[in-house]
Amino acid sequence: MSPSPPSPAAPLLPETVDLALRGTAVLDGGLVPDAQVLIDGEEIVWTGPATHAPELAAATRIEHPGLILPGLVDLHCHGGGGASFPDSSGPEQMLTAVHEHRRHGTTSLVASLVTASAQTLRERVRDLTQLAEAGEIAAIHLEGPFVSVARRGAQNPAHIIEADPALVRELSDLAQGHLATVTLAPESPGADAAIDVLAEVGAIPSLGHTDAGSGRMTAAVEHAGRALRRHRGRSARPTATHLFNGMRPIHHRDPGPALAALAAASRAELVVELIADGVHLAAETVAHVFAVAAEDSVALITDAMAAAGMPDGQYELGGQQVTVQGPTATLTGSGSGGGSIAGGTAHLLDVLRFAVQEAGVDLVTAVRAASSTPAAVLGMQDRIGSLAVGRRADVLLVDAQLRPVTVLRAGSPVED
């Protein structure tokens, strides 16, 4: 009889670590009132109840009176700090937006483009690919151009086209593996073929900006799920782009795409994005979605544009003028599309705070919707999105009101 294979050894801890954080933490197992998180270099090397922590010397010990959270992961962000990914002149300008959100706790950000000409999309994807290769952004998201004219929101109708599998493949090639999600309307001619290509190249179809009926939405979710499982890409589940926003509204004789998406999320077949900022959705709507959706089937997002972190005024999104007043950004003017909401102005921590304090979502559930669930959509759950051993040391220290105190990314403090 051959001997049994040895049991896998527990990971060896270094004799000293760089940082020991102690306080109430959201860990994989839930909320731990007195937890310790040990960081060495760029990685987390131990987490758990402080009473069980190993006796190790640490260069720095911090006892935090607030909450210790994983760094947040935003799947859908168009800009911030006065800079817009769709409108920037190059990677350096785009970094302004990345740093604006990073300072507020978003340690992993997916940079989103909007509907534009094919040439503009090529140029912006090339720029964003440089940032992804440098590790500054987590991935790239294309919101359009394969969307519904009727439900375009702030998308420029001049550049909306039918779903084009060849263009999907071309942009994916330019992205060098960093294209993570693409928003498309399931009723667009060619949508099923585009979904197949997305799954083949390792990107996630995100169904949205759609005037589809309930049946068409359900069929698209099923088609996308089959394609993703067949190609074993980032995730086995498609997403819904900012549920309710940019969709045919719900009517009792015409339920439309939103209820179909929510039903799929209740079966854990779809991850729904929610812009829980108090502008795009009412607090009650946010609460209802979390009550219905299956565990880990909601991703909180910002949909932020250039005005995030900036004063009221005039901004640009995809070549269109946007007026920002208070927390609300709308297309400028009274013509076609004027007055439509044009992205968000919040940071992801603001969205998380709204979900907890205004919508009454459980803290641990909301944190996971802003960290581990989006990380899983990206296929990066083994690297980011939680305070677990082996993950990159992305840590967000907040006060009791969920406002940022300190942000660590890869173990290093993020400068203000």
Examine distances only and state if a side-chain atom of [X] and a backbone atom of [Y] form a donor-acceptor pair shorter than 3.5 Å.
X: His223; Y: Asp192; result: yes
X: Ser88; Y: Gly90; result: no
X: Arg234; Y: Gly202; result: yes
X: Ser112; Y: Cys77; result: yes
X: Asp350; Y: His347; result: yes
X: Arg102; Y: His99; result: no
X: Arg368; Y: Asp28; result: yes
X: Asp394; Y: Ala410; result: yes
X: Thr120; Y: Ala116; result: no
X: Arg124; Y: Pro86; result: yes

Flag the pair [X] / [Y] as yes when at least one side-chain heavy-atom distance between them is below 4.5 Å, and no otherwise.
X: Leu349; Y: Pro404; result: yes
X: Leu207; Y: Met217; result: yes
X: Val322; Y: Glu316; result: no
X: Glu133; Y: Gln176; result: yes
X: Ile62; Y: Leu19; result: yes

Whether [Y] and [X] form a salt bridge (side-chain N of Lys/Arg under 4.0 Å from carboxylate O of Asp/Glu) is what I want to check.
X: Asp254; Y: Arg248; value: yes
X: Arg230; Y: Asp196; value: yes
X: Glu358; Y: Arg353; value: no
X: Arg103; Y: Glu415; value: no
X: Arg169; Y: Glu200; value: yes

Is atom [atom1] of [X] surrounded by more than 12 heavy atoms (other residues, nucleotides or ligands) closer than 6.0 Å?
X: Arg403; atom1: CZ; answer: no
X: Gln119; atom1: CD; answer: yes
X: Arg267; atom1: CZ; answer: yes
X: Gln321; atom1: CD; answer: yes

Carefully, step by step, assess Arg383 and Glu43 under the rule salt bridge (charged side-chain N to carboxylate O under 4.0 Å, His left out).
CA-CA 9 Å; Arg383 188 62 180 149; Glu43 290 196 348; 3.0 Å; yes
Testing the basics here: between [X] and [Y], what is the closest heavy-atom pair and its distance to 0.1 Å?
X: Thr210; Y: Ser148; value: CA-CB, 4.1 Å
X: Ala276; Y: Val286; value: CB-CG2, 3.7 Å
X: Ala53; Y: Gln36; value: CB-OE1, 3.0 Å
X: Ala163; Y: Ser188; value: N-OG, 2.9 Å
X: Leu270; Y: Thr239; value: CD1-C, 3.5 Å

Distance (rounded to the nearest 0.5 Å) between [X] [atom1] and [Y] [atom2]:
X: Leu113; Y: Leu171; atom1: CG; atom2: CG; answer: 9.0 Å
X: Ile301; Y: Asn245; atom1: CD1; atom2: CG; answer: 8.5 Å
X: Ser372; Y: Arg391; atom1: OG; atom2: CZ; answer: 9.5 Å
X: Thr115; Y: Ile160; atom1: OG1; atom2: CD1; answer: 5.5 Å
X: Arg151; Y: Ser340; atom1: CZ; atom2: OG; answer: 11.0 Å
X: Ile250; Y: Leu259; atom1: CD1; atom2: CG; answer: 4.0 Å

Starting from the C-alpha separation in whole Å, work towards a yes-or-no answer on side chain to side chain donor-acceptor pair (under 3.5 Å) for His141 and Thr183.
CA-CA 8 Å; His141 163 227; Thr183 298; 2.8 Å; yes
Is the ring centre of His76 less than 6.0 Å from the ring centre of His242?
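That pair passes the under 6.0 Å test.
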Looking only at the side chains, is there a donor atom on one of Asp74 and Thr106 sitting less than 3.5 Å from an acceptor on the other?
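There is no such pair between these side chains.
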Quick one about Ser206 and Thr241 (side-chain donor to acceptor, distance below 3.5 Å, no hydrogens or angles considered), yes or no?
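Side-chain D/A pair, Thr241 to Ser206: present.
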Determine whether Leu67 and Leu402 satisfy the following criterion, side chain to side chain contact (heavy atoms under 4.5 Å, CB included), listing intermediate values before the conclusion.
CA-CA 8 Å; Leu67 292 168; Leu402 296 176; 3.7 Å; yes
Quick one, Glu170 with Arg122, criterion salt bridge (charged side-chain N to carboxylate O under 4.0 Å, His left out). Give me CA distance, side-chain angles, the key distance, then yes/no.
CA-CA 9 Å; Glu170 180 187 3; Arg122 293 183 189 104; 2.6 Å; yes
